[in-house]
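These notes are about the structure you will find just below.
Throughout, a chain's letter reflects where its sequence line sits, starting with A, and its residues are numbered from 1. Please read all numbers here as calculations on a predicted model, not as lab measurements.
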Amino acid sequence: MAFNFSELNDVQQKAVKTTEGPVLILAGAGSGKTRTLTYRIAYLIDEKKVKPSNILAVTFTNKAANEMKERVEKLIEANIQPLWIGTFHSVCARILRREADALGYERNFSIYDVDDQTQALKKVMSSLNISRQLYTPKMLQNRLSRMKNKYLYPQNYLEAEGDEEMREILPDIYNYYQRVLKESNALDFDDLLIKPIELFNRKPEILKKYADKFKYVLIDEYQDINHAQYLFVKKLAEEHKNICVVGDEDQSIYGWRGADITNILNFNQDFPDAEIFKLEENYRSHNNILQAANSVVKNNEDRMGKQLWTQLEAGSKIIVYENDDEMSEAKKVVETIHDEMYTKKRSFNDIAILYRTNVQSRVIEDELRRNAITYNVVGGIKFYDRKEIKDLLAYLRVIVNPADTVSLKRIVNFPLRGIGETTVNRIEKFAEEDEISLFDAMGRVDEIQKISAAMGNRVIEFYNLITQFIKLKDKLDPTELASSLASEAGLINHYKTEYDQYEAESRVANIQELINSIGEFIERADETNIEANLASFLEEVSLLTDVDQWNDRANAVTLMTLHAAKGLEFPVVYITGLEMGLIPLQRNSADLKELEEERRLLYVGMTRAEQNLYLSYTNRRRRQGAFKHTTPSLFLDEIPVEYLDVRSKDTSQYKPRKNRKNARRKKIEDYFENGSSQDDADQMYKVGQPVYHETFGKGEIINLEGNGDKMKITVHFEDEDLVKKLIKKYANLSPVES
DNA sequence: CAGCTGTATCTTTTT
DNA sequence: GATACAGCTG
């Protein structure tokens, strides 16, 4: 045996060796779950002589997948390329590429992200004459996504989520949207999960093929899978039942995108006789940190309950900082980084700064830059979200899949070629009448009466450019293709001339970086058994997670959301913004499930820390331009003082020693009250009430519609004799004595 | 058709 | 406070 079992504790060993039948591993934070999974795969291959091609492992990020793969290869000194390991989305995409025919798609299908979906929905809305006043494409995108994550179709959706207005239009939108995507030979993120299930249902022989292939299935982060993912897993494993899932109900933080915690709670009902292993020894965090985190999460009702313990020393207490506002919070972060570096000899990459929302990073980034501290932001504005990158990617997508209408529309008049919206609409109409793709219609633009010869020439010129590159696609190396496309389509020139020098340089450099990354991908693909072509490059780029884009080896402080931090660990963790409204985040509707998820989110954040944990809150914070008073998070009241070193002012509103239980209860009440539509200030919103508005001056409320934050308030402003309809949430009206 | 300007809308977390 | 979009003008 090439690997050493002494690195595993008793429970871990049993979990590794129980290879046959369903296995549920409940793995607390820092309990060596990744190690257990890694050993299990190694054990299957090395000891049980299972072929790597018969194993499917699903992880939460591609980064985790790659690391796990490398570790297994090291353990058993073997090449395990035929093993399938990746995220749900990438595994599903891989199956769909192979089986595209059976679904009536072509193998080179495009993958639509939220942006592309929104574009497609705009078209759907205008075709179906759906009011833009009442619904935004974004809203509908949300609805469709939620529906798909639950594996619901319009007909059963109606029963599940009655919503009077949506009831009418949603089925049409759904069907039309799917048609548009099909015509574009495109699938959206959610389709990637749904289509394999449809396929398995419709073609049992295809299901059998994959069920036979994946004799052993392993799923990580099982607490965060949604219903569609659950069905996918269940179908694959139903027959052989060699399924091993690992998860922790206390770390379920994706309920908002359809993750269903009951999947893990009910695993042994789905797979009776499942062996259950509990990993409760924590190897990561000093005891103070662990106990503090435990004392927070134990307030949740929705859990199976387990008690994490550690042999590690108590360590330092958790330092809690009070700050005046987010600027001083950022300064405190920098101070702490300096302190950790000088007194404990830490380096930048030992330290992570976590926050609830991406916007919070800005202020911290500014302060880090002023102090010459190198940092990396995970997520936020991503490399692949930059305009210049999306532009070139859209060109490449059209070359690979000319039916991709959303991408085609993006590039047809960019850089400007004098082909405006009207012209595109005319071509589109022609395409619909003749039932051909938009791209093919461009090739036949001379047949469209309403388009002049001069305009037709511009279209043909564009059409020829693309056609030329489609022909080159299989002859030219992908890197060269992208490079010459970037210049011949005029992208490089556009960016060189259109912006100021600094901007121009960075945009051109980014394009160059994208081209380089194609080269790197092709090299890598040759080594692994991925197809070394543009289509698979585009797929990889589409399915990249935020964490995948993070260079953890760079010597830099890491900034990210609490969500992104899942699965990671750092010697020093600093969590900012522990205030009511932020952690837990205030929504316009509050329920207990959401509060519990917020609590788990903090739990995840705290348990990332190995040695030192800092928590901080501010007394006021700028949100939407204006300062707002804030109260320390109710979760702070849940941590016993013995684990804390509170550095607050004497005047602080946060007095850990006094009446913490009452303070906490009050905050919970407020959380639920403010969440519902009625708050104290609502009393001022009545017809006839004189009000003041920053820009419009004095006025009087003349009408009210709806309620809650979205209440529409019609005001007559005296000074300019204006009547304005305002939305309560953004109006910032204040009452005036009459 | 292109570019400008004022206005509406909006801030959760992500594959 | 930022951005996306509609609407207007050249």
Side-chain angles (χ1 to χ4, degrees), chain A residues 58-62 86-93 111-115 117-118 122 132-133 136-139 141-142 145 148-149 187-193 221 224-226 228-229 252-259 354-360 362 378-382 384-385 387 413-425 452 454-455 458 498 539-549 560-566 577 581-589 594 597-598 600-602 604-605 621-626 695 709-710 712 724-727 729-731:
Chain A
V58 181
T59 56
F60 207 66
T61 65
N62 296 294
T87 62
F88 270 104
H89 287 85
S90 62
V91 166
C92 288
I111 296 171
Y112 278 4
D113 65 11
V114 177
D115 237 51
Q117 292 174 49
T118 308
K122 279 184 194 163
R132 282 273 177 100
Q133 317 295 110
T136 64
K138 194 87 214 39
M139 268 163 73
Q141 185 271 323
N142 232 314
S145 182
K148 289 179 177 182
N149 282 327
L187 297 167
D188 66 27
F189 280 145
D190 309 308
D191 287 337
L192 293 179
L193 304 176
E221 308 282 8
D224 276 326
I225 72 169
N226 62 36
Q229 290 164 329
S252 165
I253 55 175
Y254 282 95
W256 52 273
R257 70 170 199 212
L354 309 181
Y355 37 78
R356 178 65 237 267
T357 62
N358 281 305
V359 274
Q360 289 170 255
R362 273 258 302 272
V378 178
I381 301 143
K382 297 152 227 168
Y384 291 99
D385 277 346
K387 185 182 178 314
N413 202 26
F414 187 86
L416 294 175
R417 301 188 169 87
I419 307 171
E421 210 189 315
T422 326
T423 307
V424 175
N425 284 339
S452 71
M455 181 61 73
R458 296 183 195 163
E498 287 287 294
E539 175 180 313
E540 182 180 85
V541 167
S542 305
L543 300 181
L544 238 30
T545 69
D546 284 344
V547 174
D548 295 336
Q549 301 171 55
M560 61 182 138
T561 61
L562 289 162
H563 281 90
K566 188 168 79 161
L582 212 48
I583 307 175
L585 195 80
Q586 188 76 61
R587 304 162 168 79
N588 28 9
S589 71
E594 284 173 345
E597 183 155 312
E598 296 289 316
R600 290 193 291 268
L601 193 53
L602 178 62
V604 167
R621 184 181 291 273
R622 202 184 260 275
R623 281 178 99 177
Q624 311 152 221
T695 32
D709 281 345
K710 284 177 191 154
K712 292 189 178 74
K724 281 259 160 199
K725 200 182 257 190
L726 304 157
I727 293 179
K729 195 173 167 191
Y730 308 105

Could you check A/T423 against A/T561 and say which one's nearest nucleotide on DNA chain B is further toward the 5' end?
A/T423
Using the closest heavy atom to pick a nucleotide of DNA chain B for each, name whichever of A/R458 or A/L585 lands nearer the 5' end.
A/R458
In whole Å, what separates the P atom of C/dA4 from that of B/dT13?
16 Å
Take the protein atom [atom1] of [X] and the nucleotide atom [atom2] of [N], then report the distance between them rounded to whole Å.
X	N	atom1	atom2	result
A/E221	B/dT15	CD	P	13 Å
A/L544	B/dT15	CG	P	9 Å
A/E597	B/dT14	CD	C1'	12 Å
A/I253	B/dT14	CD1	P	9 Å
A/Q586	B/dT13	CD	P	16 Å
A/N142	B/dT14	CG	C1'	12 Å
A/N358	B/dC10	CG	C1'	15 Å
A/Y384	B/dT14	OH	P	18 Å

salt_bridge(A/R257, A/D224) N-O dist < 4.0 Å
no
Looking across every strand, which nucleic acid part, if any, lies under 4.0 Å from [X] by heavy atom: base, sugar-phosphate, or nothing?
X	result
A/E421	sugar-phosphate
A/K566	nothing
A/M455	sugar-phosphate

In terms of side-chain heavy atoms of [X], which of [options] is nearest?
X	options	answer
A/Y254	B/dT11, B/dT15, B/dT14	B/dT14
A/L416	B/dC1, B/dA2, C/dC5	B/dA2
A/N413	C/dC5, B/dA2, B/dT14	B/dA2
A/K122	C/dA2, B/dT12, C/dC5	C/dC5
A/V114	B/dT15, B/dT14, B/dT12	B/dT15
A/T422	B/dT15, C/dA2, B/dC1	B/dC1

Could you check whether A/K387 makes a cation-pi contact with A/F414, meaning its NZ or CZ is under 6.0 Å from the centre of the six-membered ring and within 45° of the ring axis?
yes
Which class fits the ring pair A/F60 and A/Y254: parallel under 30°, tilted 30 to 60°, perpendicular over 60°?
tilted
Return the stacking result for B/dT13 and A/W256: yes when the ring centres lie under 5.5 Å apart and the planes under 30°, no otherwise.
yes
Short side-chain N/O contact from A/K138 to OP1 or OP2 of B/dC10, under 4.0 Å:
no
Report the residues that fulfil salt bridge (charged side-chain N to carboxylate O under 4.0 Å, His left out) with A/D548, sequence neighbours left out, ordered by chain and then residue number.
none
Could you walk me through whether A/N62 and A/S90 pass side chain to side chain contact (heavy atoms under 4.5 Å, CB included), step by step?
CA-CA 8 Å; A/N62 296 294; A/S90 62; 3.7 Å; yes
Name all stems that contain residues of DNA chain C, defined as runs of 3 or more consecutive Watson-Crick or G-U wobble pairs, both distances under 3.5 Å.
B:1-10 with C:1-10
Proximity of A/F189 and A/F88 rings by center, below 6.0 Å
no
Please examine the side chains of A/V547 and A/V378, heavy atoms only from C-beta on, and report whether any two atoms are closer than 4.5 Å.
yes
Would you say A/S542 and A/E539 are linked by a side-chain donor-acceptor pair, where the criterion is simply a distance under 3.5 Å?
no
When you measure from the side chain of A/Q360 to the backbone N and O of A/R356, does any donor-acceptor pair fall under 3.5 Å?
yes
When you compare the protein's N or O atoms with those of nucleotides 6-10 of chain C, which come within less than 3.5 Å of each other, and at what distance?
| unit_1 | atom_1 | unit_2 | atom_2 | d |
| --- | --- | --- | --- | --- |
| C/dA6 | OP1 | A/R132 | NH1 | 3.4 |

When A/Q117 is tested against each of A/K122, A/K138, A/Q141 for side chain to side chain donor-acceptor pair (under 3.5 Å), which residue passes?
A/Q141
Looking at A/A565 and A/L354, what are the two nearest heavy atoms and their distance?
CB-CD2, 3.9 Å
